[in-house]
Amino acid sequence: MTRYERVKAAIHHESPDHTPSCIHLAGDGIAAYMDKLYDRYTDEHLRKLHRDGILSHHHATYYGMGNHVLTVGCPWWSWHAVDPSYADFDAPDHLPKTMGYGSYNDLHRTVENIKEHTDAYVLVTIWGSHFEKAYFARGIENFLADMAGEPEFAQSLLDLIIRKNLVMLENIIHIPGIDGILLGSDWGSQKDLLMSPASWREMIAPGEQKEYDLIHEAGLDVWVHSCGDIRKIMPDLSEMGVDVLNPIQPECMDIYKLKDTFGHKMSFWGGISTQKTLPYGTPADVESETRRIAAYMGQRGGFITAPSQEIQADVPFENLCALIDTANSL
């Protein structure tokens, strides 16, 4: 099976010949790790593709590591010249301005190169796409207060975000070679949802559903990222058509129960502890946990091996390599 075929089998709850993986590092804070991984895992063929400008350093490194999914950013939009009143506690009387950025031609070229020179599944990632986008404008405390005390303003801001998102998605979803779209908004804290389930269902879910439907209509898979404990809305996400959920943090949810309850409809990406085992365990501990979690979560497919968050600088390099090597042996 190709890497793409393994990912699709997992999403379709079939058992691939090898459990797919997608392991990422967090930002520029551990750029030195990326260089060491490049030196350790990329072969001469990948290095030539990188030297020739066909694959980026990140894509060559992640593919060499064994990742089955290669992620790409995309043209999107941001808030522009947000009025200082948005930092005040009281809800503003106007919506903020927006500005687009990025190149669809560059995205098309990147995806085309990945598809021509690898057998990876291509996932477009859009972080902070909805709820987070709202509090990027207002601040999280203000926006949560808006949802409770100024719901009309909060809803108008969320509706603006979804309108902009749908326009941008329309320009992305038909680019050949894209296999899935990830939408990210952190709805949970370590202990619970950041809002009531009723508020989420009333104010957040309808906009999310419009995005999921548009992505599915294009024949692509819907991936969703939400940190924290989101158990109270798991039935909703399952019914709304989420294909893959990330990062399923074991520190705040029973991931085995998630598999038992929702694993027939939803696949999971993540689950290996970045708060305990990866930073504080030994390479043997990392190997043991990775094998244990993948064995359970990967029953009848439905699992992509990964840490429960991107790897940060507190994870020893030897533990990171143990994670990668174990994932490649599953």
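Everything quoted here is computed from the prediction, not taken from an experiment. Sequential numbering from 1 along the given sequence is applied to the chain's residues.
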Test item: side-chain donor near acceptor, [X] and [Y], under 3.5 Å:
X    : Y    : answer
S273 : E289 : no
S56  : H59  : yes
T326 : S329 : no

Any non-hydrogen side-chain atom of [X] less than 4.5 Å from a side-chain atom of [Y]?
X    : Y    : answer
L157 : F143 : yes
T19  : R6   : no
E211 : E208 : yes
S308 : P250 : yes
M234 : M266 : yes
C22  : W269 : yes
L123 : V244 : no

Could you give the side-chain donor-acceptor pairs of residues 93-103 under 3.5 Å, partners two or more places apart or in another chain?
{"from": "T98", "atom 1": "OG1", "to": "K164", "atom 2": "NZ", "distance (Å)": "3.2"}
{"from": "S103", "atom 1": "OG", "to": "N105", "atom 2": "N", "distance (Å)": "3.3"}
{"from": "S103", "atom 1": "OG", "to": "D106", "atom 2": "N", "distance (Å)": "3.0"}

field: Cationic N near anionic O, under 4.0 Å, K232 to D192
entry: yes

For this session: Give me the ring orientation class for Y33 and F317: parallel if the planes are under 30° apart, tilted from 30 to 60°, perpendicular past 60°.
Result: perpendicular

Within a reach of under 6.0 Å around [atom1] of [X], are more than 12 heavy atoms found that belong to other residues, nucleotides or ligands?
X    : atom1 : result
E44  : CD    : yes
Y280 : OH    : no
Q312 : CD    : no
K115 : NZ    : yes

To the nearest 0.5 Å, tell me how far [X] [atom1] sits from [Y] [atom2].
X    : Y    : atom1 : atom2 : value
R292 : E287 : CZ    : CD    : 11.5 Å
N165 : W76  : CG    : CH2   : 4.0 Å
I114 : L49  : CD1   : CG    : 11.5 Å

Between [X] and [Y], what is the shortest heavy-atom contact and its length?
X    : Y    : value
M203 : P151 : CE-O, 3.6 Å
I178 : L220 : O-CD2, 3.1 Å
L323 : I272 : CD1-CD1, 3.7 Å
S15  : G301 : OG-N, 3.8 Å
G73  : L107 : O-CD1, 3.4 Å
L194 : D186 : CD1-O, 3.5 Å

### Query
Hey, quick one: are I324 and I293 part of the same hydrophobic cluster, counting side-chain heavy atoms closer than 4.5 Å, chains of contacts allowed?
yes

Honestly curious: do W223 and Y212 fall in one hydrophobic cluster under the side-chain, below-4.5 Å linking rule? no

Would you say the rings of H45 and H117 are close, in the sense that their centroids are separated by under 6.0 Å? no

Verify whether the ring centers belonging to Y38 and H50 lie closer than 6.0 Å.
yes

Here the side-chain hydrogen bond (donor to acceptor under 3.5 Å, both in side chains) pairs for residues 78-92, sequence neighbours left out, are D83-S85

So the side-chain hydrogen bond (donor to acceptor under 3.5 Å, both in side chains) pairs with at least one residue in residues 253-263 (sequence neighbours excluded) are D260-Y296

Inset, instruction - Answer yes or no on whether K133 is positioned over the face of W77, meaning its NZ or CZ is under 6.0 Å from the six-membered ring centre and within 45° of the axis. - result: yes

Please lay out, stage by stage, how D119 and Y63 fare under the test side-chain hydrogen bond (donor to acceptor under 3.5 Å, both in side chains). CA-CA 9 Å; D119 62 350; Y63 192 74; 2.6 Å; yes

Run the side-chain hydrogen bond (donor to acceptor under 3.5 Å, both in side chains) check on N328 and H18 step by step: do they pass? CA-CA 8 Å; N328 288 335; H18 169 68; 4.9 Å; no

Q.
Keeping R47 on the side-chain end and D39 on the backbone end, is there a donor-acceptor pair under 3.5 Å?
A. yes

Let's go through N67 and Y41 carefully: what are the C-alpha distance in whole Å and the side-chain angles of both, what is the deciding distance for side-chain hydrogen bond (donor to acceptor under 3.5 Å, both in side chains) to 0.1 Å, and is it a yes or a no? CA-CA 11 Å; N67 277 1; Y41 290 105; over 6 Å; no

